[in-house]
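Quick notes on the structure that follows.
Within every chain, numbering begins at 1; the chains are lettered A, B, ... in the order of the sequence lines, protein sequences first and strands thereafter.
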Amino acid sequence: MGLTGGLLIQSAQMALVLALAPLLTGVVRKAKARLQRRQGASVLQPYRDLARLFRKEAVLAENASPLFRAAPYVIFAATWVAAALVPTFATGLVFSWTADLIVITALLASARFFLALAGMDVGTSFGGIGSSREMMISSLAEPAMLMLVFTLALVARSTQLSTVAQVMLTSGVGLRVSLALALVALVMVAVAENGRIPIDNPSTHLELTMVHEAMVLEYSGPHLAMIELAGQLKLVLYLSLIGCVFVPWGLAPAGASVLALAAGVLAWAAKMAVGALLLALFETSIAKMRVFRVPDFLGAALMLGLLGTLLLFVSRSL
Amino acid sequence: MPASAITSAASAPALQLLVAGIVALVLLAAGAVPLARKAGGSALVYGAAAAICVLVLGTALSSLGGAPASLILPPGLPELGGRLRLDALAAVGLDGDGLGGAAASPFALGFPPGCAPGGAGGGASPPGAMPATSRRRNGCCPSIPPSWPA
Amino acid sequence: MLPFYPAFLAGMMLVVLADDAFTFLFGWEFMSLASFALVVSHHGVAENVRAGLVYLMMAAFGTLALMLAFGLLAAGGEGVSLQALSFSAMRAHGPTPLAAAVVLGLALLGAGSKAGLVPLHVWLPLAHPAAPSHVSALMSGVMTKVAVYGFIRIVFDLAGPPAWWWGVPVLLVAGPTAVAGVLYALMQTDVKRVLACSTIENIGIIFVGLGLALAFEANGAPAVAALALTAALFHVVNHALFKSLLFFGAGAVLVATGEKRMGMLGGLIHAMPQTALAMLVGAAAISALPPLNGFVSEWLTFQAILLSPDLPVWGLKMLIPAVGALLALAAALAAACFVRLYGIVFLGRPRSAAASQAREADGFTRTAMASLAVLCLAAGILPGPVIDALQGAVAPLVGVRMTGQGHLAWLSIIPVAEGRSSYNGFLVFVFIALSASLAALAVHAFGSRAVRRAPAWDCGFPGDDPLAQYSAESFAQPLRRVFGRSLFAARETVTMPPPGDMAPARLSVSERDPAWAFLFAPLGRAVSALSGRANAIAHLNIRNYLALVFGALVLLLVVLALWA
Amino acid sequence: MGNLVFDIAHLLAGLQVLVSFLLLYQDRLGALIRVFALQAVLLALSVAWQAYAQDAPHLYVTAAIALIFKVLIIPVALDRMVVRLGIHRQVETVVSVGPTMLAGIGLVGLSLVVMLRVTAGEADALAREDLAFALSVVLLGLLMMITRRNAVSQIIGFMSLENGLILAAAGARGMPLVVEISVAFSVLIAFIVIGSFVFRIRERFDTVDVDALERFRGGRG
Amino acid sequence: MSLVGLLLAIPSAAALVLALVPDWRLAARLNVGASAASFLMVLAVVRDPPAAGPLVLIDGLNSIVLVLNGFVVFTTSLFSARYVVHEAATGRLPPLRLRLYHALYQVLAFAMTLALVTNNLGVMWVAIEIATLTTVVVVGLYRTHEAIEAAWKYFMLGSVGIALALFGTILVYVAAQPVVGEGQDGMIWSVLVGKVAAFDPGLINLAFVFLLLGYGTKVGLTPLNAWLPDAHAEGPTPVSAVLSGLLLNVALYAVLRVKMLVAAHPDALAPGPLLMAAGLASLLLAGVMLYRRRDIKRLFAYSSIEHMGLMVFAFGIGGPIANFAGLLHMAMHALTKSAIYFAVGAAAQAKGSQRLSDITGLTQSHPALGWALVAAVAAIMGMPPAGVFMSEFLLVTSTFARMPALGVALAVSLLLGFGALAGKLAGIAFGTPSPDAGPVKVAYGPIFAHLALVFVAGVWLPPAIADALRQAAAALG
């Protein structure tokens with residue numbers, strides 16, 4: 001296959017991830033609507049929303065600074081690069097060695113950094129609420145994520161995500177307590193990072209409760225589209241991360257034939273669908289927590305991650 | 001022990017240059033006392049300090065890889081003399097010094113002297129009401145019109 | 001206080017070049033004296049003098065601790081002789097294991113008091129802000145590095161081969177230092193105090209690297225020790241860069257507005273765009289965001305932590321992941337701290353008259369800041385050459401060099417092994433830039449380019465009072481609630497005016513530094529109580545003094561009678 | 001003949017220690033001054049006897065100085081000072097007489113133990129005896145200084161301490177400078193008396209009580 | 001007439017002349033001339049020291065102290081000439097008392113030189129006795145009741161101390177008498193030190209105890225130093241400088257002579273631990289007492305106690321490095337402390353009071369004087385460029401190597417003293433300046449001369465001086 005083939009697969013992955021992100025959000029919303037016995041918008045509605053936003057004019061606050069206008073692009077770029085590095089249908093991508101799991105976490109952190117700054121730029125109190133709470137949530141979610149990374153790195157003796165997926169796929173790691181803890185912690189961190197129900201309500205309009213929405217309150221037009229797309233990409237990233245690490249079957253190994261790649265894509269799509277349905281089910285079955293309950297929730301995630309790491313240190317088998 | 005013997009493994013010119021840099025800085029400090037009062041004095045001192053720091057940074061960077069050189073100078077303990085040694089770790093440290101000085105000195109040029117920082121920092125939270133009253137500040141910072149538009 | 005600036009630089013350089021105990025401590029104390037004079041340069045403000053005194057006391061404590069350490073190192077041979085005080089003599093006859101352990105403790109105290117490790121950090125948030133900005137930058141960026149150099153020189157170079165447990169005390173101090181430093185920074189409302197406290201956090205990160213290096217070197221993993229030491233030295237260089245940049249920014253803000261309190265600033269990005277851009281790069285770098293240099297040293301430290309299962313010792317197996325968790329927490333909190341600092345100071349709307357009249361800093365300041373910002377980006381993108389440059393210093397200390405990074409493809413760095421982990425700063429930067437420009441192009445090509453200015457939406461509320469924006473205290477309120485309640489006893493008190501009184505209600509936040517409350521305040525009280533009691537001797541009469549003489553005589557005679 | 005010399009010297013030294021105890025016992029200034037004069041007489045006799053025993057003529061000079069100075073001039077001067085300054089006659093003690101005497105006995109015991117055990121070596125018996133008693137007189141003089149409140153009684157305590165020294169100096173065979181030392185001490189004592197007289201310690205403070213001196217320390221520290 | 005005879009003749013002749021000269025301005029100049037002459041004579045004597053005779057002994061140890069003594073007496077006389085002008089103007093010292101002051105100044109110089117030069121223990125005792133008497137009179141010169149009270153206290157404690165020292169000297173003679181025979185030889189130090197091994201160890205121990213307590217009172221060791229703060233604070237400042245800088249050194253020199261004597265005896269009580277205990281006690285007590293001082297001259301008097309404690313501790317430890325540090329510290333302390341008193345004298349006159357609360361913001365009201373005082377106090381606190389840093393460095397390193405517990409105690413007490421002085425210095429030098437009491441002429445010459453010497457010695461000790469110190473340190477054992 002050589003470099004060109006590798007490049008082809010890598011760009012295919014980036015395009016695929018970008019294309020399917022709105023679809024995934026559409027599926028989740030549709031599933032939640034059906035669970036709540038509502039008709040719900042069509043699965044392709046997110047595409048129409050993005051298209052609409054692209055065409056609308058961007059209304060900027062008088063006080064908005066150049067950072068406010070540049071932030072959406074930086075946020076989208078960082079999230080897109082992170083999503084591109086997570087193996088979806090094939091491992092051993094040509095650029096997989098440029099960054100490992102820690103770098104992906106840090107890329108998401110930089111996206112969040114600029115989003116929080118953009119939230120505060122216009123100088124309204126709601127932007128402040130969003131940024132302040134986002135930073136509180138991230139100050140616990142990020143260490144939990146890093147503890148997860150430690151656990152995975154200790155099992156697979158590497159932090160390179162494609163290597164981790166490879167090890168999970170081939171060496172038959174088998175059921176382990178620390179990996180189970182890691183999975184639960186990863187789900188909790190994913191919920192927190194994507195601003196799903198127990199932490200933050202993505203569809204809320206009640207200013208005092210929202211976190212992610214409060215920061216993007218002032219955005220409109222193409223800028224808002226960029227940020228919405230970045231949010232959807234992040235959801236895809238987390239689901240494919242859970243998929244490639246804990247449900248690695250169907251991942252095409254490096255340099256596999258086109259047929260294997262196609263199978264990989266199908267397997268990935270199936271995983272995404274199942275993930276979306278599970279997320280919808282989880283969201284409808286739980287109510288939003290009070291803001292100051294979130295630290296206990298994420299504290300638990302951090303403890304689980306740390307416990308998983310310590311258990312691994314204790315003995316190879318656990 | 002001959003007090004002023006420059007005995008060493010290889011007293012590389014770099015180390016002697018660095019010692020010259022330090023001596024220059026000390027002389028600059030002594031010279032700065034009369035200069036402090038004159039108008040251009042602080043600019044001269046900070047400029048000279050910046051130049052010396054750039055020189056130190058250059059020699060330190062160049063000697064990162066070099067073999068350690070040592071030097072014994074007369075001042076210091078009577079029998080021992082002042083011993084100096086430039087090895088890689090010292091070069092890394094000197095990079096920090098040189099870089100910090102080379103960046104801080106030009107910055108200090110822009111920093112007007114005697115700009116006493118504002119009131120006490122620490123936990124004092126901003127007053128609830130709008131600070132409408134003008135606060136006379138010392139020379140360096142712009143004076144504020146009494147009534148600031150609400 | 002002009003003459004003390006070059007003296008301060010000379011002192012720091014002398015410490016780094018010194019090869020015998022006297023020259024080392026001469027430079028060390030001279031550096032402290034010069035920086036004390038600079039800290040009290042505005043001695044009109046009483047608080048600066050108090051800060052200076054606290055600093056001088058801690059500096060004296062540190063110097064005496066190092067003096068004791070050098071005494072032990074020099075005593076290795078046949079009792080102390082002047083020749084034994086030179087470093088080469090100390091290296092020749094290494095100290096006994098017990099002496100080496102005491103030297104480690106003393107070096108930790110001496111260098112820790114100057115660098116700002118947790119229990120000994122109390123002077124740092126007081127002294128750094130009191131000094132003029134360029135001096136604060138030097139004190140935070142460079143002087144703490146000289147302290148780290150001193151620690152490395154004594155513990156790695158002079159104290160001989162480390163025992164297996166040497167890493168433990170260093171890690172036990174470094175982990176809490178990192179977290180406490182950043183938590184304390186989150187509670188400050190003075191720009192320069194925030195930066196000073198974040199220096200404490202970065203020193204914690206550096207000492208975590210040093211602790212790991214000691215642990216690995218002692219337990220037979222020199223390659224990983226080289227990695228950990230390189231990570232620590234890399235962070236030393238990084239911190240010198242971005243902390244000086246941030247202090248220059250704070251200085252520029254101080255010159256422009258005459259204001260250090262974050263509550264009085266805001267919206268400076270409009271008046272000072274270039275300063276804001278440089279500060280943004282600095283804030284991103286210190287929060288360890290990928291393309292910049294802060295991330296690389298943190299990444300290397302995490303890689304070293306991940307290699308800890310190979311250590312045979314149980315204690316370290318448990319300690320290192322816990323320190324890893326603390327490090328991760330510190331990194332996340334640092335991001336929160338600098339979002340808060342940058343957001344409150346530069347973004348939003350100006351909260352005071354001073355902030356609204358700010359003007360851009362002058363040419364020198366901006367060039368200094370721009371050059372440091374470029375260096376931060378360069379070190380982030382091209383870590384390989386920097387790592388190779390540091391190997392010269394690492395190799396003699398831990399015995400082995402890290403694998404060469406220079407020749408690797410596409411400028412990526414591989415700390416231990418190919419398959420294990422690698423990071424390519426350059427490509428990540430290129431990818432982000434590429435996709436960002438791609439998105440911008442897509443918007444300009446397909447989406448609408450129309451832009452309209454309008455009053456902020458803010459859910460329909462009319463243009464409200466600038467002070468209604470989030471302030472420094474309110475931004476940190478959630479984090480204070482979560483982390484600061486117990487350790488820092490952070491309390492918020494609201495004082496409501498009596499009914500009918502039109503005075504504004506006032507919210508005040510109070511927190512105390514546990515080190516000050518539990519260690520130094522009792523110490524101060526003890527000394528004054530002791531001096532109070534001892535002072536009674538000054539007011540005795542002649543007869544009592546004669547009684548003292550008589551008592552001394554009788555005591556000695558009894559000693560002679562019984563024993564001699 | 002040898003032991004006669006030793007016996008008389010021993011007797012005189014013992015008597016001096018006894019008089020020191022008497023000094024501790026006195027509670028009236030007048031009597032105190034006269035007992036001191038008695039001790040000075042005994043000192044002069046023992047120094048003269050030492051001069052005769054060691055046939056060292058210069059010791060006679062010391063004996064003469066002691067006789068004239070300490071028996072006649074100083075007591076008379078003190079008497080007149082007590083009268084002129086109208087100091088009340090009562091000797092104020094810090095510790096009552098009983099415990100002071102016990103302490104005195106303890107001190108004598110200590111000096112004997114220290115001196116005799118110490119010089120168990122080859123030093124001849126005479127020097128050893130003299131030193132033991134001299135040390136006792138010195139310690140008792142010092143004890144008197146710290147247990148008396150009046151400045152006058154302190155001066156007398158100091159002078160009895162000085163007598164002990166002269167006794168020891170005389171006892172040391174062939175010691176040079178004894179005369180110069182006794183002259184120096186006489187000058188010292190003269191200074192004290194004249195000083196307290198000239199500075200009118202009495203006038204500055206209502207009593208010559210040494211504690212009263214302290215009340216004026218005031219705010220200084 | 002040997003050189004040493006001439007050396008002693010100059011101050012005594014000057015004392016007589018000054019007693020007769022009515023005009024105090026001429027007397028001040030004469031005083032300076034006499035001090036200069038005696039300093040030159042000291043240099044001549046020390047360059048080619050005469051052989052050790054029964055009366056005179058010049059060896060490594062006392063040549064150092066002699067040179068120091070000569071130089072500081074000379075510079076203090078310069079300062080005194082300037083100081084006296086103000087005192088005469090304000091009428092605090094009427095002409096008669098000024099005449100007494102100048103005469104006694106030279107008598108004090110004579111007594112100190114005699115004590116340093118003599119080989120005979122008895123003559124040394126007499127010399128220190130004369131010094132005590134002159135100091136008593138000079139301290140009481142101002143006739144205020146604090147001065148009289150200080151003089152009376154100094155007199156009583158000094159006399160008791162001298163008496164104990166005399167008893168010690170007698171004991172030394174008695175111990176020497178069987179071995180050395182009667183007469184003069186029993187008091188000659190060089191003879192005694194040669195034959196001390198044959199003396200009775202018990203007697204030597206007892207003699208050492210009495211001599212240590214006797215001369216220790218003059219050195220200002222704890223519990224014997226109650227007189228020192230008042231005596232140094234109430235006398236005229238030049239005398240305080242001489243007391244703090246020199247008389248303490250002379251007494252310490254006497255203690256060292258006795259220590260060498262006792263150390264030479266194999267099975268006598270080792271003098272080290274006793275000296276260390278006394279030194280450390282003085283160090284700790286003075287370090288703690290500095291915090292509560294309200295009078296500027298008492299503050300530096302306690303600092304003298306602290307530094308004398310440090311020196312005695314150093315000599316107690318013994319060994320080449322510790323002795324070297326002790327001797328170096330003796331020189332540095334003499335120079336620095338006298339420079340401090342020169343500046344403090346001027347400051348007290350400028351502000352019209354000795355209370356610390358009345359002397360603030362000196363660097364703003366009198367910049368040159370203020371910064372000179374800051375430099376001097378920084379030097380005494382042990383800041384690097386000054387020599388005190390070198391001696392403290394050597395002492396702390398050598399102490400911790402051999403006796404860790406003592407090393408820590410030493411470091412803690414140094415830190416205590418450092419903190420107190422730093423706090424008080426900040427109060428004096430910085431902050432808002434207090435009102436001035438009038439113009440004052442400051443003798444910058446002596447201050448900057450002393451500080452220059454101290455700062456040069458701190459950085460580079462000339463080899464000649466270093467060798468002299470090293471030989472004397474070796475002799476101390």
| task | With a 4.5 Å cut-off on heavy-atom pairs, point out which of C:L434, C:L306, C:L277 contacts chain A the most. | result | C:L306
| query | Measuring heavy-atom distances to chain C, does A:L229 have an atom under 4.5 Å in its side chain, in its backbone, in both, or in neither? | reply | neither
| Interchain contact, C:A334 with chain A, by part (heavy-atom threshold 4.5 Å) | neither
| Contact check, side chains of C:Y342 and A:M120, non-hydrogen atoms, under 4.5 Å | no
| message | Please rank A:L306, A:D121, A:V81 by heavy-atom pairs under 4.5 Å with chain C and give me the top one. | response | A:D121
| query | Most heavy-atom pairs under 4.5 angstrom with chain A, which of C:S308, C:S474, C:A331? | reply | C:S308
| remark: Comparing A:L146, A:L161, A:I102 against chain C, the one with the most heavy-atom pairs below 4.5 Å turns out to be A:I102
| request: With rounding to the nearest 0.5 Å, note down the distance linking SG in C:C337 to CE in A:M135. | output: 11.0 Å
| query | How long is the span from the CG atom in C:L347 to the OG atom in A:S65, to the nearest 0.5 Å? | reply | 5.5 Å
| field | side-chain contact (heavy atoms from CB on, under 4.5 Å) assessment of A:F114 paired with C:L280 | value | CA-CA 10 Å; A:F114 283 103; C:L280 182 60; 4.0 Å; yes
| task | Look at A:L217, A:V294, A:V291, A:L302 and state which one has the largest set of heavy-atom pairs under 4.5 Å with chain C. | result | A:L217
| request: Go through C:W299 and A:D100 one step at a time and tell me if the side-chain contact (heavy atoms from CB on, under 4.5 Å) criterion holds. | output: CA-CA 10 Å; C:W299 186 72; A:D100 62 358; 3.0 Å; yes
| query | Rounded to the nearest 0.5 Å, how far does CD of A:E142 lie from CG of C:L333? | reply | 9.5 Å
| task | Count the heavy atoms belonging to other residues, nucleotides or ligands that lie under 6.0 Å from CZ of A:R293, then report whether that count exceeds 12. | result | no
| With a 4.5 Å heavy-atom cut-off, do A:E62 and C:P455 have their side chains touching? | yes
| request: Below 4.5 Å from any heavy atom of chain A, which atoms of C:V451 appear? Answer side chain, backbone, both or neither. | output: both
| task | Please check if the side chain of A:N63 supplies one atom and the backbone of C:G348 the other of a donor-acceptor pair under 3.5 Å. | result | yes
| said: Just checking A:F292: does its CZ atom have more than 12 heavy atoms from other residues, nucleotides or ligands closer to it than 6.0 angstrom? | reply: yes
| query | Mind checking whether C:F302 and A:F150 have ring centres under 6.0 Å apart? | reply | yes
| request: Please round to the nearest 0.5 Å and tell me the distance separating atom OH of C:Y470 and atom OG of A:S132. | output: 5.0 Å
| message | Test your reading of the model: is there a side-chain donor-acceptor pair from C:R349 to the backbone of A:G123, 3.5 Å cut-off? | response | yes
| request: Please state whether the side chain, the backbone, both or neither of A:F76 comes within less than 4.5 Å of a heavy atom of chain C. | output: side chain
| note | A:P143 and C:A328 have their tightest heavy-atom pair at CA-CB, 3.8 Å
| Rounded to the nearest 0.5 Å, what separation is found between the CE atom of C:M318 and the CG atom of A:L310? | 5.5 Å
| query | Taking every heavy-atom pair that is under 4.5 Å apart, which of C:L438, C:I432, C:I344, C:I320 has the most such pairs with chain A? | reply | C:I432
| note | Closest non-hydrogen contact found for A:Y73 with C:A440 is CE2-CA, 3.8 Å
| field | Distance-minimising heavy-atom pair for C:A468 and A:S125 | value | O-CB, 3.5 Å
| Checking heavy atoms, do the side chain of C:F475, its backbone, both or neither come under 4.5 Å from chain A? | both
| query | Which bit of A:T105 is near chain C, if near means a heavy-atom gap under 4.5 Å: side chain, backbone, both or neither? | reply | neither
| query | Hey, does the side chain of C:R452 reach the backbone of A:V59 with a donor-acceptor pair shorter than 3.5 angstrom? | reply | no
| field | A:A64 portion near chain C, given a 4.5 angstrom heavy-atom threshold | value | both
| query | Tell me, do A:L140 and C:F483 make a side-chain contact under 4.5 Å, heavy atoms counted? | reply | yes
| What part of A:R69 gets closer than 4.5 Å to chain C, counting heavy atoms only: side chain, backbone, both or neither? | side chain
| task | Return the minimal non-hydrogen interatomic distance between C:A456 and A:V122, and the atom names on each side. | result | CB-CG1, 3.6 Å
| remark: Ranking C:A433, C:P290, C:G343, C:P273 by heavy-atom pairs under 4.5 Å to chain A gives rank one to C:P290
| Between C:V443 and A:M226, does a side-chain contact (heavy atoms from CB on, under 4.5 Å) hold up when you go through it step by step? | CA-CA 9 Å; C:V443 164; A:M226 284 290 127; 3.7 Å; yes
| Pairwise side-chain contact, A:T159 with C:Q303, heavy-atom cut-off 4.5 Å (strictly under) | yes
| said: Nearest 0.5 angstrom please: A:M147 CE to C:L329 CG, how far? | reply: 9.5 Å
| note | From the list A:G221, A:S131, A:S138, A:A116, the residue making the most non-hydrogen contacts under 4.5 Å with chain C is A:S131
